[in-house]
Amino acid sequence: MIVDDRVLREDFVPSEVVHRHDEVNLLSESLEPLLYGRRADPAFCFGPTGVGKTCIARYTLAQLREQEPAVEVAYVNCWQEYTRFRVLYSVLEAVGRTIDIHRSTPKDELFGRLRETDDRPIVVILDEVDQLEETAALYDLHRLGHVSLVLIANREEELFASFDDRVRSRLRAGTRVRFDRYGTDELTAILAERADKALEPGCISGEQLRTIADAASGDARVGIGILRSAARRATQQGRERVTDDVLEAAIPDARTAIRRKTVEGLIEHQRVLYDIVADVGEVEPGDLYDEYERRVDDPKTNRTLRNYLTKMVHYDLIEAVGERRGRTYRIIDDDAVGRE
DNA sequence: CTTCCACAGGAAGAAGAGGAAA
DNA sequence: TTTCCTCTTCTTCCTGTGGAAG
């Protein structure tokens, strides 16, 4: 039933975009200087999750490279690469200059190395850039004359609030590309496009695609996840096509699958914390720490737990309600996911 | 109103890891 | 091998805030 599995993966970049032509045009316009051997001003993509920011950025740069193959593109996801070192390293890796660089190479040397690679222009896409903990990396990259930046984040105000003054003033100029949530029709069209490429003809109906689009409430990532999971389930059960009950079962899958993946990425102590919050549902910090110490042999300190918790809040695994005294942590309820 | 308490989160540095150089 | 270097992670210490208790 599944003809081409790659099309349903998260990092798939389609060769045609559906419903985002204005955004593509705006972004490629801002990158135009690169065609004339000049550097482009920083470009920003803002919008909630699952609206195609990453996809459009990659797509636009793929297009650019067709016109100007000398341009190197480095894609860095700041969820994983959140230190100055890791960002610089990822960029070097993307342009193939990481030979003889190891984890204790001084950051300044990484920067120096990057400065030497100015024979070709580099476009650095920093995805989820609001997760970056050391904005010095932005400052570094901006200082390099052959590096153009494409920054992807949820909200402009929050992003700029996290910058220090030096970075903020430098990045104030630049193109903003804003992405709105997909409507059900748009998302249905996107899903139809993917289903067409990924699945055998006729194994999912337009009505079913619409159901998926509806359940995903504007989030293409979730929508595609549901489609993928429905197709897999149907295949496992040896069906010719996606039936309505298979689809029904696949809908909750997609969101929990994303969460499960994140939980698996947690280290042991973080998972204990997560489990406690999951067990209790809602818990006050003091009780949480006590319970944690009860469950673990060799407990980390309080301060470390607080770091873990903020990280987990960032990951959208748990939610912190209230500030300071009287704050509680709780599991995010699925109904609340999807609104911003 | 003042003092106390619970909590968040910044800063600095100690500990540990692992590769390079000697 | 040992020593050195720098990274990351965790801890220690500390400040600020706002509700509760006195």
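By convention in this document, chain letters (A, B, ...) are assigned in the order of the sequence lines, proteins followed by strands, and residues within each chain are numbered from 1. None of the values given here were measured: they were computed from a predicted structure.
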Q.
What is the first contacted nucleotide of DNA chain C and what is the last, in 5' to 3' order, if contact means an atom lying under 4.0 angstrom from a heavy atom of chain A?
A.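 The footprint of chain A covers C/dT6 to C/dG19.
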Q) When we call it a touch if two heavy atoms are under 4.0 Å apart, what does A/Arg84 touch: a base, just sugar-phosphate, or nothing? A)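 Touches nothing.
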Q) Is A/Tyr82 touching bases, backbone alone, or none of the nucleic acid, heavy atoms closer than 4.0 Å? A)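 Sugar-phosphate only.
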Q: Determine, stepwise, if the pair A/Asp130 / A/Glu158 fulfils side chain to side chain contact (heavy atoms under 4.5 Å, CB included).
A: CA-CA 8 Å; A/Asp130 39 2; A/Glu158 280 167 34; 5.5 Å; no
Under a 4.0 Å N-O cut-off, is there an ion pair linking [X] with [Y]?
X	Y	result
A/Arg115	A/Asp108	no
A/Asp279	A/Arg295	yes
A/Arg294	A/Asp287	no

Q) Is the ring centre of A/Phe163 less than 6.0 Å from the ring centre of A/Phe160? A)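 Distance test on ring centres: under 6.0 Å, yes.
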Atom [atom1] of [X] to atom [atom2] of [N]: distance rounded to whole Å?
X	N	atom1	atom2	value
A/Glu134	B/dA11	CD	P	12 Å
A/Asn307	B/dG10	CG	P	9 Å
A/Leu309	B/dA8	CG	P	7 Å
A/His102	B/dA17	NE2	C1'	13 Å
A/Leu305	B/dG9	CG	P	14 Å
A/Glu284	B/dA8	CD	P	11 Å

Q.
Nearest heavy atom decides the nucleotide; on that basis, is A/Gly286 or A/Arg303 closer to the 5' end of DNA chain B?
A.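 Nearer the 5' end of the strand: A/Gly286.
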Q | Side-chain donor-acceptor contact under 3.5 Å, A/Asn77 with A/Glu128 | A |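 Result is no, nothing qualifies.
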Q.
With a 4.5 Å cut-off on side-chain heavy-atom distances among I, L, V, M, F, W and Y, is there a chain of contacts connecting A/Ile190 to A/Ile226?
A.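 Linked within one cluster.
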Q. Given B/dA8, is OP1 or OP2 found less than 4.0 Å from the side-chain N or O atoms of A/Arg327?
A.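 True: A/Arg327 side-chain N/O within range (under 4.0 Å) of B/dA8 OP1/OP2.
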Q.
If the cut-off is 4.0 Å, is A/Tyr329 near the phosphate of B/dA8, judged by side-chain N/O to OP1 or OP2?
A.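 So the side-chain polar atoms of A/Tyr329 do come within 4.0 Å of the phosphate oxygens OP1 or OP2 of B/dA8, strictly under.
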